[in-house]
Protein chains: 2
Amino acid sequence: MQTGQDAAAIFVERWNEAASFEQTGTCPVRNVLDKIGDKWSMLIVMYLAAGPKRFNQLHREIPDISQKMLTQTLRDLQRDGLVARQVFDTKPPSVEYRLTTLGHSLIVPFGHLIDWANQSIPSINKARAVFDAAS
Amino acid sequence: MQTGQDAAAIFVERWNEAASFEQTGTCPVRNVLDKIGDKWSMLIVMYLAAGPKRFNQLHREIPDISQKMLTQTLRDLQRDGLVARQVFDTKPPSVEYRLTTLGHSLIVPFGHLIDWANQSIPSINKARAVFDAAS
DNA sequence: CGGTATCCAACCTGATACTG
DNA sequence: CAGTATCAGGTTGGATACCG
């Protein structure tokens with residue numbers, strides 16, 4: 001690893017740091033990253049960040065999501081403890097989804113990422129234009 | 001949007017904030033998120049964070065990556081301006097990859113995400129165990 | 001050394017139809 | 001209202017072989 005020419009080298013360690021790696025057989029960081037990259041997970045989390053919402057309310061608000069993917073993504077988020085599901089015994093039945101404390105806590109680091117993205121889009125688009133022009 | 005019961009509601013705005021959305025037809029934030037969720041992009045960025053590396057050096061250091069995906073991911077990172085590619089006219093030829101300034105800047109918000117992941121893994125695993133036990 | 005090219009299996013997602 | 005079930009398409013990634 002040479003001399004500490006760049007403190008950023010520790011990030012590779014951080015990646016594999018979690019102790020459960022050997023236990024589960026899959027990298028724990030991957031689990032989180034897969035959710036970030038997932039087409040709908042983070043969008044749903046952000047819509048729920050505004051407050052609890054019911055199933056069809058989310059369905060109406062989120063553009064283009066299919067019922068299948070809304071159901072599936074919500075279940076995955078619930079399984080990971082990021083979203084809580086509460087059924088009200090009304091007729092017809094209503095189901096409310098809300099972020100858990102853990103779910104809310106994800107918004108902080110994720111927000112930094114979104115900010116980076118919005119700040120960097122111009123640079124990225126410019127780099128792409130240059131690269132594509134040279135090929 | 002009711003009253004500002006939760007400041008986090010602004011994240012939905014941030015998601016769609018970038019002006020280039022209408023121009024390109026694809027959400028700019030998605031571009032970045034896709035890279036985060038990509039199987040190899042961020043791992044490569046983190047290995048390069050330690051300093052410039054040559055192609056086969058990365059190939060040896062990164063576990064399980066195929067030559068195809070290493071080539072492809074590096075080209076995508078280069079296209080987006082996150083990685084710079086430098087060819088040295090030696091024999092046999094050698095090619096060095098290094099993070100650009102933009103690439104380095106991504107490590108900051110991304111690092112926060114990794115830290116959140118490592119801190120939250122225990123909670124997530126516990127939530128999964130509870131959820132799976134109930135089904 | 002540093003790639004390309006081709007094939008292929010697995011996965012992810014959307015569309016559609018149906019249910020308590 | 002809030003889902004489930006089934007099928008089809010596109011995309012992703014790995015294996016393998018070849019090239020300057």
Side-chain angles (χ1 to χ4, degrees), chain A residues 25-27 29-45 47-48 52-80 83-98 131 134-135, chain B residues 25-27 30-45 47-48 52-80 83-98 131-132 134-135:
Chain A
T26 57
C27 176
V29 173
R30 264 261 67 85
N31 283 293
V32 175
L33 262 41
D34 283 347
K35 226 160 263 305
I36 301 292
D38 182 85
K39 192 168 182 183
W40 301 111
S41 290
M42 287 302 115
L43 196 54
I44 291 177
V45 166
Y47 273 91
L48 287 179
K53 290 182 196 297
R54 292 176 53 185
F55 185 86
N56 275 340
Q57 192 177 357
L58 283 167
H59 199 2
R60 281 189 301 270
E61 291 184 8
I62 301 180
D64 297 334
I65 193 170
S66 66
Q67 194 174 37
K68 173 187 172 182
M69 291 314 297
L70 182 56
T71 302
Q72 192 177 109
T73 308
L74 282 170
R75 189 165 0 88
D76 288 346
L77 290 171
Q78 185 196 353
R79 186 173 111 94
D80 285 357
V83 162
R85 179 178 185 269
Q86 188 174 6
V87 182
F88 294 95
D89 200 9
T90 56
K91 19 188 191 325
S94 68
V95 180
E96 193 179 84
Y97 293 90
R98 73 178 68 228
F131 184 92
S135 60
Chain B
T26 57
C27 174
R30 264 260 68 84
N31 284 292
V32 175
L33 262 41
D34 283 348
K35 225 162 262 307
I36 301 292
D38 182 86
K39 190 168 181 181
W40 301 111
S41 290
M42 288 302 115
L43 195 55
I44 291 178
V45 167
Y47 273 91
L48 287 179
K53 291 183 195 296
R54 293 176 53 185
F55 184 87
N56 276 339
Q57 192 178 358
L58 283 168
H59 199 2
R60 281 188 301 270
E61 291 183 8
I62 301 180
D64 298 332
I65 193 170
S66 65
Q67 193 175 40
K68 172 186 171 182
M69 290 316 296
L70 182 56
T71 302
Q72 193 178 107
T73 308
L74 281 170
R75 190 165 359 89
D76 288 346
L77 289 171
Q78 186 195 353
R79 187 172 109 95
D80 286 356
V83 161
R85 179 180 186 269
Q86 188 174 6
V87 182
F88 294 95
D89 200 10
T90 56
K91 24 187 189 317
S94 67
V95 180
E96 194 179 82
Y97 294 91
R98 71 179 69 228
F131 184 92
D132 293 346
S135 60

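Residue numbers begin at 1 in each chain, while the letters A, B, ... track the order of the sequences.
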Looking at B:Ser135 and B:Asp132, would you say the former's side chain and the latter's main chain have a donor-acceptor pair under 3.5 Å?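 Yes; at least one donor-acceptor contact below 3.5 Å.
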Looking at D:dT4, C:dG2, D:dG14, which one has an atom nearest to any side-chain atom of B:Lys39? D:dG14
Strictly below 4.0 Å: does [X] bring a side-chain N or O up to OP1 or OP2 of [N]?
X: B:Arg54; N: C:dC1; result: no
X: A:Arg75; N: D:dT4; result: yes
X: B:Tyr97; N: C:dC1; result: no
X: A:Arg85; N: D:dG3; result: yes

Heavy-atom check, side chain of B:Leu74 versus side chain of B:Phe55, under 4.5 Å: yes
Atom pair distance, as rounded to whole Å: [atom1] in [X] and [atom2] in [N]:
X: A:Glu61; N: D:dA2; atom1: CD; atom2: P; answer: 13 Å
X: A:Asp34; N: D:dT12; atom1: CG; atom2: P; answer: 14 Å
X: A:Asn56; N: D:dG3; atom1: CG; atom2: P; answer: 9 Å
X: B:Arg60; N: C:dG2; atom1: CZ; atom2: P; answer: 8 Å
X: B:Phe55; N: C:dG2; atom1: CZ; atom2: C1'; answer: 6 Å
X: A:Lys53; N: D:dA2; atom1: NZ; atom2: C1'; answer: 17 Å
X: B:Asp76; N: C:dG3; atom1: CG; atom2: P; answer: 14 Å
X: A:Glu96; N: D:dA2; atom1: CD; atom2: C1'; answer: 14 Å

Assign each of A:Ile65 and B:Gln67 to its nearest nucleotide of DNA chain C by heavy atoms, then name whichever residue's nucleotide is nearer the 5' end.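 Checking each residue's closest nucleotide, the 5'-ward one belongs to B:Gln67.
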For the helix from C:dC1-D:dG20 to C:dG20-D:dC1, what angle lies between the axis at the first five pairs and the axis at the last five pairs, to 10 degrees?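 Between the axes fitted at each end of the helix from C:dC1-D:dG20 to C:dG20-D:dC1 lies an angle of 50°.
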Can you give one letter per nucleotide of nucleotides 5-12 of chain C, going 5' to 3': B for a protein heavy atom under 4.0 Å from the base, S for sugar-phosphate only, - for none? -BB-----
Rounded distance [0.5 Å steps], [atom1] in [X] versus [atom2] in [Y]:
X: A:Tyr47; Y: A:Gln57; atom1: OH; atom2: CD; answer: 11.5 Å
X: B:Leu77; Y: B:Arg79; atom1: CG; atom2: CZ; answer: 11.5 Å
X: A:Lys35; Y: A:Leu33; atom1: NZ; atom2: CG; answer: 11.5 Å
X: A:Gln78; Y: A:Arg75; atom1: CD; atom2: CZ; answer: 9.0 Å
X: B:Leu43; Y: B:Leu48; atom1: CG; atom2: CG; answer: 10.0 Å
X: A:Leu70; Y: A:Ile44; atom1: CG; atom2: CD1; answer: 5.0 Å

Any residue meeting side-chain hydrogen bond (donor to acceptor under 3.5 Å, both in side chains) with B:Arg54, in chain and number order, not counting sequence neighbours: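 Partners of B:Arg54 by the side-chain hydrogen bond (donor to acceptor under 3.5 Å, both in side chains) criterion come out as none, since no residue qualifies.
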B:Asp34: what forms a side-chain hydrogen bond (donor to acceptor under 3.5 Å, both in side chains) with it, not counting sequence neighbours? B:Arg30
Where do A:Asp38 and A:Trp40 come nearest, in terms of heavy atoms and distance?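 Looking at all heavy atoms of both residues, the closest pair is OD2-N, 3.0 Å.
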Enumerate the residues from residues 86-93 of chain B whose closest heavy atom to DNA chain C is under 4.0 Å, giving them by residue number; use none for an empty result.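 Those residues are B:Pro92, B:Pro93.
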Just list the side-chain donor-acceptor pairs under 3.5 Å for residues 60-68 of chain A, sequence neighbours left out, or say none.
| residue | atom | partner | partner atom | Å |
| --- | --- | --- | --- | --- |
| A:Glu61 | OE1 | A:Lys53 | NZ | 3.4 |
| A:Ser66 | OG | A:Met69 | N | 3.2 |

